[in-house]
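Notes follow the structure.
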Amino acid sequence: DHIKGWIRMQGKENFLFITYEELQQDLHGSVQRICQFLGRPLGEEALGSVVAHSAFGAMKANAMSNFTLLPPSLLDQRHGAFLRKGVCGDWKNHFTVAQSEAFDRVYREQMRGLPTFPWDVPDDASPDPDPSPSTPEASEPPNP
């Protein structure tokens, strides 16, 4: 439901649709895309600085972005860091096989007919009984 809400905004003025996976895959290109969307191009030095400070390791080490300055009443760091690993798909390491299969089944059903995303990896072992066709333009990021 969360993703479907954002998909409805795709293509609207003043809305940039970008995924965490895209940021992980090409942070430099993603920052350039954000700058272009905002109409604020950056020189190479400034762009490099933004990319360096936006890298997961830099953000995890920064008290302003990792929220370690918040009091435990707002965010109790003893239950886990706000920024954990910065790895796409790590949730799979926390699901049982049955949970993962159930999630995949519900996800395919709920996302049928919608554009594909970077995390939509075809599962060759268990084909979707009712696959929805994906057009090439549907999987491309929107053009702001």
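The first residue in the sequence is number 1, and the count goes up from there. These values consider heavy atoms only, across backbone and side chains, with no hydrogens, waters or symmetry-generated copies.
- Expressed to the nearest 0.5 Å, how far CG of Leu75 lies from CG of Leu69 amounts to 11.0 Å.
- Closest of all the heavy-atom pairs between Asn14 and Phe37 is C-CZ, 3.3 Å.
- Using a 4.5 Å cut-off between side-chain heavy atoms of Ile, Leu, Val, Met, Phe, Trp and Tyr, with links allowed through other members, Leu83 and Leu23 fall into different hydrophobic clusters.
- Applying the salt bridge (charged side-chain N to carboxylate O under 4.0 Å, His left out) definition to pairs two or more places apart or across chains, none involves residues 36-63.
- Relative orientation of the Phe67 and Phe82 rings is perpendicular, given thresholds of 30° and 60° on the angle between their planes.
- Taken to the nearest 0.5 Å, the CG atom of Leu42 stands 10.5 Å off from the CD1 atom of Ile34.
- Atoms CD and CD, on Gln99 and Glu101 in that order, are 11.0 Å from each other to the nearest 0.5 Å.
- Atom CH2 of Trp6 and atom CE of Met9 lie 7.0 Å apart (nearest 0.5 Å).
- Of the inter-residue distances, the one linking Leu114 atom CG with Gln10 atom CD reads 9.5 Å to the nearest 0.5 angstrom.
- Asp76 meets the salt bridge (Lys or Arg N to Asp or Glu O under 4.0 Å) test with Arg78; sequence neighbours excluded.
- Ile18 contributes atom CD1, which lies 4.0 Å from atom OG of Ser30 (distance to the nearest 0.5 angstrom).
- A pairwise comparison of heavy atoms in Phe17 and Glu22 identifies O-OE1, 4.3 Å as the closest pair.
- When atom types are taken as modelled, the side chain of Gln24 and the backbone of Gly86 share a donor-acceptor pair closer than 3.5 angstrom.
- The minimum heavy-atom distance between Val51 and His28, with the atom names listed, is CG2-CA, 3.8 Å.
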task = Take Thr19 and Gln25, measure what side chain to side chain contact (heavy atoms under 4.5 Å, CB included) needs, and give me the verdict at the end.
result = CA-CA 10 Å; Thr19 65; Gln25 195 171 48; over 6 Å; no
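- The shortest side-chain heavy-atom distance between Arg33 and Leu16 falls under the 4.5 Å cut-off.
- Annotation: side chain of Gln110 is in contact with side chain of Lys4 (closest heavy-atom distance under 4.5 Å).
- The nearest pair of heavy atoms linking Ala52 to Ala58 is O-CB, 3.3 Å.
- Within the 4.5 Å cutoff, side-chain heavy atoms of Leu74 are placed close to those of Pro71.
- Looking only at distances, no side-chain donor or acceptor of Ser100 sits under 3.5 Å from a matching main-chain atom of Phe95.
- Using cut-offs of 30° and 60° on the angle between ring planes, the pair Phe103 and Tyr107 is parallel.
- The minimum heavy-atom distance between Ser54 and Met59, with the atom names listed, is O-SD, 3.5 Å.
- Applying the ring pair (Phe, Tyr, Trp, His ring centres under 6.0 Å) test to Tyr20 and every residue at least two apart in sequence or in another chain returns nothing.
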